[in-house]
Amino acid sequence: MTAEPMSAPPAPEFMTTDNGNGGNGAGGRGPGPAATRALLAVAARCDAVARVWLAGTTLAMAGLLTAQVVFRYAFNHSLFWSEELGRALLVQLTFIGASVAWRGRAHIGMDALVARFSPEWAWRARLLVLCVCVAFFAAVAWHGARFTLFLLPQQTAALGVSRAVVFMAVPVGGALLTLHGVADLLAHLWPGPNTSGPNTSGGDAPAREGC
């Protein structure tokens with residue numbers, strides 16, 4: 001039994017008035033649905049690349065664990081670098097996977113309180129959640145990049161590569177989360193005919209009640 005994605009609360013009338021100038025809102029100001037669709041398309045392409053990367057990382061980790069068990073118990077020889085490489089792959093799966101989970105609506109959302117709100121207040125609550133999430137994701141990307149640069153001259157003990165290579169997934173994952181969050185935020189502010197409802201084509205963002 002699977003749960004269907006929840007639809008977004010309808011935006012207030014002042015946010016959904018079409019003025020015929022290619023955008024919504026007062027006086028035609030703001031990005032409008034065109035910019036929203038463009039950002040969603042970029043987010044979809046980035047998500048496709050991230051999914052391929054995750055698939056390769058998952059296969060690499062599975063092969064690494066298998067090789068470690070075989071060498072240890074069949075040949076009585078431990079791969080000393082396998083644990084370090086496994087940790088590096090886990091970092092990739094965690095931060096890149098977080099962006100894919102956001103795009104796929106797999107993160108936990110708490111909507112028990114929002115479900116009791118009126119449509120207008122539910123729209124405002126979702127707007128607040130998206131703003132907080134985008135700010136947090138941007139902070140992760142920024143501080144992750146600074147930390148990665150700090151680790152650039154340091155090398156890992158077993159693999160002998162820069163530790164920045166391992167932790168590069170932190171700013172990359174934060175940047176991807178920021179991209180998806182901003183795309184969802186624009187889709188929430190300026191909903192168009194192709195920016196609401198379930199995600200069936202990979203380019204449209206369904207609603208989210210929490211981050």
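- Follow the hydrophobic side-chain contacts under 4.5 Å out from V166 and you never reach L152; the two are in separate clusters.
- Taken to the nearest 0.5 Å, the CH2 atom of W123 stands 12.5 Å off from the OG atom of S118.
- A search for side-chain contact (heavy atoms from CB on, under 4.5 Å) contacts involving F150 returns F147, Q154, not counting sequence neighbours.
- Side chain of S99 to backbone of G173: no donor-acceptor contact under 3.5 angstrom is found.
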- Evaluation steps, side chain to side chain contact (heavy atoms under 4.5 Å, CB included), between L127 and H188: CA-CA 7 Å; L127 176 63; H188 184 64; 3.9 Å; yes

Listed pairs under 3.5 Å, donor-acceptor, residues 130-140 side chains, sequence neighbours left out:
none

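- Note that the OG1 atom of T58 and the CH2 atom of W53 stand 11.5 Å from one another [nearest 0.5 Å].
- Note on L185: it clusters hydrophobically with V42, by side-chain heavy-atom contacts below 4.5 Å among ILVMFWY residues.
- The closest side-chain heavy-atom distance from L39 to L179 is below 4.5 Å.
- R146 meets the salt bridge (Lys or Arg N to Asp or Glu O under 4.0 Å) test with no other residue; sequence neighbours excluded.
- Taking the ring axis of W121 as reference, the NZ or CZ atom of R124 stays within 45° of it and closer than 6.0 Å to the ring centre.
- At a threshold of 4.5 Å between side-chain heavy atoms, the hydrophobic network of Ile, Leu, Val, Met, Phe, Trp and Tyr places V49 and V182 in two separate groups.
- Hydrophobic clustering places V172 together with L90 (ILVMFWY residues linked when any side-chain heavy atoms are closer than 4.5 Å, directly or through intermediates).
- Identified under the side chain to side chain donor-acceptor pair (under 3.5 Å) test for residues 38-50, with sequence neighbours left out: D47-R51.
- By the side chain to side chain donor-acceptor pair (under 3.5 Å) test, S82 is found to be paired with Q68, residues two or more places apart in sequence or in another chain being considered.
- Taken to the nearest 0.5 Å, the CG atom of L54 stands 11.0 Å off from the CG atom of L59.
- Ion pair D184/R105 flagged as a salt bridge, since at least one NZ, NE, NH1 or NH2 atom sits closer than 4.0 Å to an Asp/Glu carboxylate oxygen.
- Between the side chain of H180 and the backbone N or O of A44, no donor-acceptor pair lies under 3.5 Å.
- Within the 4.5 Å cutoff, no side-chain heavy atoms of V161 are placed close to those of Q155.
- Summarising the geometry, atom OG1 belonging to T94 is positioned 13.0 Å from atom CZ belonging to R87; distances are rounded to the nearest 0.5 Å.
- Residues that satisfy the side-chain contact (heavy atoms from CB on, under 4.5 Å) test with V69, not counting sequence neighbours, are Y73.
- Interatomic distance, CG of L176 versus CZ of R103, reported as 11.0 Å (0.5 Å rounding).
- In this structure, the separation between NE2 on H107 and CG on L177 is 6.0 Å, given to the nearest 0.5 Å.
- Remark: side-chain polar atoms of T148 are not paired, donor with acceptor, to backbone N or O of A164 under 3.5 angstrom.
- Connection of V165 to L89 is not established within any shared hydrophobic cluster, with ILVMFWY side chains joined at heavy-atom distances below 4.5 Å, either directly or through further cluster members.
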